[in-house]
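Structure record follows, encoded as C-alpha cells.
Every chain is numbered from 1, with letters handed out A, B, ... down the list of sequences.
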2 protein chains.
Amino acid sequence: MDLRHISFRLLEVFMSVVKTGSISETARNLHLTQPTVSLQIKRLQEAVGEPLVLMHQQKLTVTEAGVELFKTCQQVFGKFDDYKDFLAELKGGERGRCKIAMVNTAQYILPKLLGPYSNRHPHVELPLEIGNRAEVLARFERGEDDIYVFSHPPSLEHAKAARFLHNPLEFIVPRDHPLTKEQNIKLEQLTPYRFLLREPGSATRMLFESELQSRGLVLSDSVQMRSNEAIRVAVSSGMGIAVLSRHVLPNEGGEFKVLSVVDTNLASHWYFVIRTDRHLSHAARSFLQFAEKHLELYLGAQWVRNELSQLSSIEI
Amino acid sequence: MDLRHISFRLLEVFMSVVKTGSISETARNLHLTQPTVSLQIKRLQEAVGEPLVLMHQQKLTVTEAGVELFKTCQQVFGKFDDYKDFLAELKGGERGRCKIAMVNTAQYILPKLLGPYSNRHPHVELPLEIGNRAEVLARFERGEDDIYVFSHPPSLEHAKAARFLHNPLEFIVPRDHPLTKEQNIKLEQLTPYRFLLREPGSATRMLFESELQSRGLVLSDSVQMRSNEAIRVAVSSGMGIAVLSRHVLPNEGGEFKVLSVVDTNLASHWYFVIRTDRHLSHAARSFLQFAEKHLELYLGAQWVRNELSQLSSIEI
DNA sequence: GTCAGGTATAGATTATAATCTATGAGTTAT
DNA sequence: ATAACTCATAGATTATAATCTATACCTGAC
C-alpha cells in the first residue's frame, strides 16, 4: 500500500461510503457526483492493493481489509482532532511556553505576576532565565526567549520595550550607622563610606554612577558583590552601605535602615522587552495581556506604570 | 488546520526536517532540492495555520506546535504501519475469513480438514454454513460464501469445481435384517423393503434414484427423513433400509450392517466449488492450498481424489 | 418489459501538488 | 574579505488529484 497516492480527502470519502453503505448516497452527502465517488474508491483500492468494498447485486459489502482500514482511519482522524484541540489551546494562550529572561533584580518582582498567571494557565510552561544585564542582553541578541525584563531597556533594532513598573532606588545603611542620626542628608555625605555595589552593567549601578558623575562626586571606596542578597547581608553586618531597588527590600525593616537623601531621587523603571522581528508565542502574548490587565492588583498600584498596550499592538 | 491541503508526503518531509534539524540535509536525504523542502514546510505551516519550525541564525528550532505535530505524525504513521502488517497477514492468508457453505453430508468429512487448518491459521475466521443442496445452491447464486462443498457440482456459469474426495455409497440394513443372511445380493432384491431417504435434491438420493431409474426399478415404499443421523437411528431400530455415504458411517459397526450389493457400485465425489466471477479471499485461497497439500494426511489416502490444482490456477 | 435506482467506464477539464532552476540574502569559518 | 554553507523567494514546468458530463450496464420492482 502506497500512502503517497492516498489523500485525506480520499479517506474521508471512503469512510462516508462505509458509513452509508452506498456510493450514490455518499455522493449526495458530500455534494459530489456518483462517478467521482466510484473513482475515488477505485483509486483507494488501487493504492491499498486490496479490495475494500464489494458490490454484489446492488448491495455494497465492506471487506475485511475495508473494515480494518475504516478503523485505522477513525484512529487517524481522531489523532488529528486531538492535534486540532491542542492547536486551539495553543492559539488561545492556554497551552505552550513563554520563556522569560530577566535581570537579577527582577526576580523579586516578577514572581508576583508569574504565580497568579501560572495558576490561571496551568498548561503554559514558564521557564525563567535569570542573569545579569550582559547575559540577558546576549540572550536577547540570540533571540532565546519570548520576553525579556530589563530596567534600562536596550535601544537595539528589533527591540520593543514597554514600561510596567516604577523602580525606586533606596540607600540602605547598617542599623547603627552614624548617618541614621542625621537629618537632611545629602548625597555627598555618603561618598566617604564604603559602597557595596553590583557588577558594572547592573542597571542599578549604572544609574547610581551616572548620578554621581553628573554631580562630580566620586566614591572613596567600593566593593563589588555578586548578588543583592549578599549586599543586604553585608550591609546588615556593617560592611558598608548600598543602593538597592525598593522592590528587593523586605517590607519590614530588618537589620538595616533606609536613608532618606533629600537631594537625590534615583529611580528607573521595569520594562518588558520583546523582539519585533520574531513571532511572539501565543503563550507570551497571553502572559502580556494578563500582565496588562492585572499589574495593579499583583504589584501594587502605587508602583505600576502600565504601558503594555504598546506591545499588544505589535502583530508578528 | 485544513487536512485537505496536507498530504502524507508533506508530513513525511516535515518529519524528516524535524529529525535532521535541517532543510538542506532533508533535501539531500529525500533526493529533493532545498527549495522544494523549504516550500513544503511553508505550505504545511500554512495548512496548519501555525509556525512549526523557526529559523534563527542558521539554526532550526521546532515550535511547540511542530513538536506536537511530529508526535501526531508518528502515531498516524504507526497506525498505517499496523494496517500494512494487517494487510500482509491478510494477503498471506494468515488472517481474514473463509466462509464455507456445504451440503449436510459434508459435515462429516470437512471438519477433518478444517480442524488442522484452523490450528495452523488461528487468525482466520472459518464460518460454516450447512444446508441441503437447494440451500447451498441458493447461497452460491447469491455469492454469499467463499467456498462451496457439493457432491454433484452445479454446472452453472461462473462455477469452477474441483474434486477432492471419493464418496462411496453403502446400503445399510438393521443388524437382524433378513438380507444379512443372503450372499450375492442384487439391487432388485432391495426394492421391496422400505427405504429411508433424504429429501429430493440430496445428492445421495439423486444418485440412487437415477441408478434405479436407469435399471427400471421402483421402490415399493420410501420415507423421507430430515437428517443422516435420523436415518441411521431409524435403520438401527428396524424402520427400514437406506443408502448412505461411507463417510457418514461410524468406523465400527453399530446397530446396523452394511450390505454388499454385487451388481451396484454407487459412488459420487466431493467437490470444492468457487465462483470464477468473484475475488477469492486470501484466506479461502490459503485454505484451498492447505487442502491440496494435506488431503491425504487428514482424509485418508484411499478416498482422496486430489484435483484441487484446477482451482489454484484461477487468478481473480 | 420497462423503469428506476445503483454502479462502472470513458473522456475531458481544472486545480493544485510537487518539483525544478536561478537567484538573493544571511551566517560562519578561514 | 571571501568561500562555503544555510535558507527563502520567484518563476516555470509537470504530474496527478479531483472533479465533471455522458453513457452503458446491472438488478429489482411494477
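- Side-chain contact annotation: His5(B) with Glu46(B), donor-acceptor N/O pair under 3.5 Å absent.
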Which pairs would a plain distance check flag for residues 15-23 of chain B, meaning a side-chain donor or acceptor within less than 3.5 Å of a matching protein atom at least two apart in sequence or in another chain?
unit_1: Ser16(B); atom_1: OG; unit_2: Thr26(B); atom_2: OG1; d: 3.4
unit_1: Thr20(B); atom_1: OG1; unit_2: Ser16(B); atom_2: O; d: 3.0
unit_1: Thr20(B); atom_1: OG1; unit_2: Ser22(B); atom_2: N; d: 3.2
unit_1: Thr20(B); atom_1: OG1; unit_2: Ser22(B); atom_2: O; d: 3.0
unit_1: Thr20(B); atom_1: OG1; unit_2: Thr26(B); atom_2: OG1; d: 2.9
unit_1: Ser22(B); atom_1: OG; unit_2: Ser24(B); atom_2: N; d: 3.3
unit_1: Ser22(B); atom_1: OG; unit_2: Glu25(B); atom_2: N; d: 2.9

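- Using a 4.0 Å heavy-atom criterion, one finds that Leu39(A) contacts the bases of the nucleic acid, with or without backbone contacts as well.
- The distance from atom CG of Leu60(A) to atom C1' of dG5(C) is 14 Å, rounded to the nearest whole Å.
- The two residues Val48(A) and Met1(A) have their closest heavy-atom pair at O-CB, 3.7 Å.
- Heavy atoms of Ser24(B) sit under 4.0 angstrom from primed sugar atoms or phosphate atoms, though from no base atom.
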Practice item. Decide yes or no on side chain to side chain donor-acceptor pair (under 3.5 Å) for Glu64(B) and His282(A), but give the supporting numbers first. Key: CA-CA 11 Å; Glu64(B) 295 272 310; His282(A) 298 287; over 6 Å; no

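- Rounded to an integer number of Å, the gap from Met55(B) CE to dT28(C) P is 11 Å.
- Using a 4.0 Å cutoff to heavy atoms of chain A, the contacted part of DNA chain D runs 5' to 3' from dA17(D) to dG28(D).
- Using bins of under 30°, 30° to 60° and over 60° for the plane-to-plane angle, the ring pair Phe140(A)/Tyr148(A) lands in the perpendicular bin.
- Mapped onto DNA chain D by nearest heavy atom, Pro35(A) and Leu32(A) fall at different nucleotides, with Leu32(A) at the one closer to the 5' end.
- Taking the six-membered ring where the residue is Trp, Phe287(A) and Phe272(A) present perpendicular rings, their angle passing 60° and hence far from 30°.
- Among the heavy atoms of the strands lying under 4.0 Å from Lys42(A) are primed sugar atoms or P, OP1, OP2 only; no base atom is included.
- Backbone-only contact: His31(A) has heavy atoms under 4.0 Å from sugar-phosphate atoms and none from a base.
- With the nearest nucleotide of DNA chain C identified for both Thr36(A) and Arg4(A), Thr36(A) has the one nearer the 5' end.
- If you take CD of Gln40(A) and P of dT7(C), they are 15 Å apart, rounded to a whole angstrom.
- Under 3.5 Å, the side chains of Glu307(B) and His269(B) contain no donor-acceptor pair of N or O atoms.
- Distances from the side chain of Thr33(B) to the nucleotides dT27(C), dG6(C), dT21(C) place dT21(C) closest.
- To the nearest angstrom, P of dT9(C) lies 10 Å from CD of Glu46(A).
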